[in-house]
2 protein chains.
Amino acid sequence: MKVSASKENHLKAIFHLQQEQGIVTTNALAAALKTRPASVTDMLKKLKDQKLLIYERYKGFKLNAEGKKAAIQVIRKHRLWEFFLVRKLQFGWEEVHEIAEELEHISSRKLVDRLDSFLGFPDTDPHGDPIPDGQGRFHTQRQKCLCELPLNKEVQVSGIASQTTEMLEVLQYNHIQLGTRLEVRKKFPFDDSLEVKVRNRPPVTISAQVAKNVLVKDDEPFAEKR
Amino acid sequence: MKVSASKENHLKAIFHLQQEQGIVTTNALAAALKTRPASVTDMLKKLKDQKLLIYERYKGFKLNAEGKKAAIQVIRKHRLWEFFLVRKLQFGWEEVHEIAEELEHISSRKLVDRLDSFLGFPDTDPHGDPIPDGQGRFHTQRQKCLCELPLNKEVQVSGIASQTTEMLEVLQYNHIQLGTRLEVRKKFPFDDSLEVKVRNRPPVTISAQVAKNVLVKDDEPFAEKR
DNA sequence: ATTACTTTTTAGATTTGTCTAAATTATATT
DNA sequence: AATATAATTTAGACAAATCTAAAAAGTAAT
């Protein structure tokens with residue numbers, strides 16, 4: 001049973017959404033994929049027919065075991081290719097997402113496994129997201145986000161949750177990137193913005209929207225992967 | 001102006017055919033692509049509209065300068081990925097064609113150039129075919145085939161023209177692969193089959209059909225690429 | 001040059017994935 | 001509970017790439 005590139009994109013997006021929400025809605029998925037609700041409905045029917053999805057109309061939906069397995073394989077491919085692009089081809093971590101969106105649809109299972117081995121079985125991609133192994137298991141925890149951090153504790157940026165160019169622009173402007181050491185100095189309850197102190201720099205203010213997407217690891221130094 | 005994967009496949013096939021024939025026919029292209037003449041005609045119109053093709057109905061067709069440039073870029077991608085798969089991911093040279101057929105449609109130009117650099121700017125792919133550089137120039141000559149070789153001259157296999165599994169099966173059976181040193185001992189005019197002596201092995205007989213697809217380089221040792 | 005054959009093209013259908021606009025179902029408010 | 005609003009689905013259309021069957025154009029052979 002074949003899964004097209006478009007279906008893979010839907011599976012992946014559903015997987016991510018249901019991580020947060022449990023059940024996924026048509027509108028949310030349409031927004032995530034930059035497509036229309038009607039198109040999502042069309043696709044849902046196909047995915048249901050292929051028994052990858054639990055879905056009843058007007059009721060929301062989520063992946064079943066098969067669907068999750070398929071989605072995780074796509075995520076695995078995406079993250080391995082990102083790792084390859086950054087570590088082997090010297091791409092910047094902020095420019096690999098788009099290319100990996102294409103590479104993730106190459107179908108050969110053997111290719112993915114060989115690539116994994118070639119890269120030394122990494123467990124974290126260049127944005128800090130965990131890379132599932134060949135059996136779909138994650139070996140790394142998801143990082144905490146800046147907004148749920150105690151004050152005045154120095155941490156290190158270990159991942160960026162969203163990779164829109166707009167987001168990355170803000171981060172670059174504030175000299176925050178993967179590996180940056182920083183601490184949260186103050187929280188403003190009015191808009192949940194944060195005052196953040198980056199080592200050796202004046203403090204800057206970060207909106208809640210941005211903070212939500214900056215993932216950090218407590219303390220231990222950022223290990224450069226070879 | 002976008003060129004879909006299918007269009008790229010057509011461009012590539014036309015390029016190869018016009019190397020041999022100068023002008024290409026609808027039936028020949030349909031056969032090469034395992035599609036139908038009617039489908040080819042449809043695609044020809046699109047390629048003509050995109051000004052990649054010189055084409056008048058019922059008259060045959062060929063790529064113009066733009067079309068050739070586009071085709072060569074696809075060939076470049078295909079052969080670089082094949083090289084990558086064999087040299088970096090330890091694939092056998094007989095199994096990479098299919099995967100490269102997918103990888104060749106990844107669009108990022110930067111990716112291709114970085115890959116080229118990462119691989120050390122190889123000029124020959126694992127089947128012995130020349131890899132064009134970033135400007136579309138070929139730096140290597142096409143190899144001669146076994147059937148047009150003088151008798152009793154030791155040469156080295158530097159390429160396999162066709163990669164069907166059936167072909168490769170015959171070669172494997174006769175212990176012929178990339179790098180094998182051999183010489184042609186005798187030609188049988190009746191069916192153009194050849195008696196071939198592989199170094200350190202008893203002589204074997206090779207059909208004309210197979211010989212046509214075994215490409216060799218005169219003498220100089222097979223340089224292992226790093 | 002007329003007929004027979006081959007090649008190529010056209011006409012019309014199909015599949016996949018998308019869309020808009022309208023209809024339907026669910027939810028929220030009074 | 002009735003109604004307004006929001007979310008979702010259906011209906012119908014479209015573009016891309018393919019197909020089959022039939023028509024048209026070109027080629028060859030007497």
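Per chain, numbering begins at 1; letters A, B, ... match sequence-line order.
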Colleague: B:W81 versus B:E102: any side-chain heavy-atom pair under 4.5 Å?
Modeller: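 A side-chain contact is absent here, since even the closest heavy-atom pair is not under 4.5 Å.
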Colleague: Taking 4.0 Å as the cut-off, does a side-chain nitrogen or oxygen of A:S39 come that near to OP1 or OP2 on C:dG17?
Modeller: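 No, no such contact exists.
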Colleague: OP1 or OP2 of C:dT16 versus the side-chain N and O atoms of A:H10: is any pair under 4.0 Å?
Modeller: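 Checking A:H10 against C:dT16: no side-chain N or O falls below 4.0 Å of OP1 or OP2.
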Colleague: Take atom CE of A:M43 and atom P of D:dT10, then tell me their distance rounded to the nearest Å.
Modeller: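 Between P of D:dT10 and CE of A:M43: 16 Å.
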Colleague: Would you call B:E101 and B:K12 a side-chain contact if the rule is heavy atoms closer than 4.5 Å?
Modeller: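 Side chain of B:E101 against side chain of B:K12, heavy atoms only: contact under 4.5 Å found.
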Colleague: May I have the distance from B:L44 (atom CG) to C:dT7 (atom P), rounded to whole angstrom?
Modeller: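 Taking atom P of C:dT7 as the reference, CG of B:L44 is at 16 Å.
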Colleague: Taking only the side-chain nitrogens and oxygens of A:N27, find out if one of them lies under 4.0 Å from OP1 or OP2 of D:dT8.
Modeller: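 It does, given that an N or O in the side chain of A:N27 lies less than 4.0 Å from OP1 or OP2 of D:dT8.
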Colleague: Figure out the CG/C1' separation between A:L29 and D:dA7, and round it to whole Å.
Modeller: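 In whole Å, D:dA7 C1' and A:L29 CG are 14 Å from each other.
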Colleague: Any base atoms under 4.0 Å from A:K59, or only sugar-phosphate, or nothing? Heavy atoms, all strands.
Modeller: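 The residue A:K59 makes no contact with any strand.
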Colleague: With distance as the sole criterion, do the side chain of A:Y58 and the base of C:dT24 form a donor-acceptor contact below 3.5 Å?
Modeller: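 Result: at least one qualifying N/O pair found.
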Colleague: Side chain of B:T26 only, heavy atoms from C-beta on: which candidate in C:dT9, C:dT7, D:dT9 is closest?
Modeller: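 Closest of the options to the side chain of B:T26: C:dT9.
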Colleague: Under the criterion salt bridge (charged side-chain N to carboxylate O under 4.0 Å, His left out), I'd like the reasoning laid out for B:D113 against B:R76: C-alpha separation, chi angles, the key distance, then a yes or no.
Modeller: CA-CA 10 Å; B:D113 292 343; B:R76 171 170 157 79; 2.8 Å; yes
Colleague: Please tell me if A:Y55 has a side-chain N or O lying less than 4.0 Å from either OP1 or OP2 of D:dT9.
Modeller: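 So the side-chain polar atoms of A:Y55 do come within 4.0 Å of the phosphate oxygens OP1 or OP2 of D:dT9, strictly under.
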Colleague: In this structure, how many angstroms lie between the P atom of C:dT20 and the CG atom of A:D42, rounded?
Modeller: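 Atom-to-atom, A:D42 to C:dT20, this comes out as 13 Å.
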Colleague: Can you identify which nucleotide, out of C:dT20, C:dG17, D:dT18, has its nearest atom closest to the B:T35 side chain?
Modeller: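 Ranking C:dT20, C:dG17, D:dT18 by closest atom to the B:T35 side chain puts D:dT18 first.
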Colleague: Out of C:dT8, D:dA17, C:dT18, which has the shortest distance to the side chain of B:K46?
Modeller: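 Closest nucleotide among those given: D:dA17.
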Colleague: Return the value, rounded to whole Å, for the distance between atom CD of A:E56 and atom P of D:dT9.
Modeller: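 Answer to the nearest Å: 11 Å.
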Colleague: Counting any heavy atom closer than 4.0 Å, what does B:K45 reach on the DNA or RNA strands: base, sugar-phosphate only, or nothing?
Modeller: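 Sugar-phosphate, no base atom in range.
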Colleague: Can you tell me if A:S4 touches the phosphate of C:dG17, counting only side-chain N or O atoms and a distance under 4.0 Å to OP1 or OP2?
Modeller: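 A:S4 to C:dG17 OP1/OP2: side-chain N or O found under 4.0 Å.
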Colleague: With the side chain of B:T41 defined as its heavy atoms from C-beta on, choose the nearest nucleotide among C:dG17, C:dT9, C:dT18.
Modeller: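 In terms of side-chain proximity for B:T41, the closest of C:dG17, C:dT9, C:dT18 is C:dT9.
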Colleague: So do the side chains of A:I14 and A:L47 get within less than 4.5 Å of each other, counting heavy atoms only?
Modeller: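 They are in side-chain contact.
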Colleague: Could you tell me how far apart B:Q50 (CD) and D:dA15 (P) are, to the nearest whole angstrom?
Modeller: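 After rounding, the gap between these two atoms is 15 Å.
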Colleague: Between atom NZ in A:K34 and atom P in C:dT18, what is the gap in whole Å?
Modeller: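 The answer, rounded to whole Å, is 15 Å.
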Colleague: For the pair made of CG in B:L11 and P in D:dA17, what is the distance, rounded to whole Å?
Modeller: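 About 12 Å, once rounded to whole Å.
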Colleague: Counting heavy atoms from C-beta on, name the nucleotide in C:dT9, D:dT20, C:dA21 closest to the side chain of A:A38.
Modeller: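 Nucleotide nearest to A:A38's side chain: C:dA21.
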Colleague: With a 4.5 Å heavy-atom cut-off, do A:I131 and A:T124 have their side chains touching?
Modeller: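 Result no, sub-4.5 Å side-chain heavy-atom pair not found.
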Colleague: What nucleotide among D:dT10, D:dC19, C:dT18 has an atom nearest to a side-chain atom of A:R57?
Modeller: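 For the A:R57 side chain, the nearest candidate turns out to be D:dT10.
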Colleague: Contact class for A:S6 (heavy atom, under 4.0 Å): base, sugar-phosphate, or nothing?
Modeller: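 Sugar-phosphate: the residue A:S6, judged by heavy atoms under 4.0 Å, touches backbone atoms but no base.
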Colleague: Of the listed nucleotides (C:dT20, C:dA26, C:dT8), which one gets closest to any side-chain atom of A:R36?
Modeller: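 For the A:R36 side chain, the nearest candidate turns out to be C:dT20.
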Colleague: Any salt bridge between B:E82 and B:R79, counting N to O under 4.0 Å?
Modeller: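 Not counted as a salt bridge, because no side-chain N and carboxylate O are separated by less than 4.0 Å.
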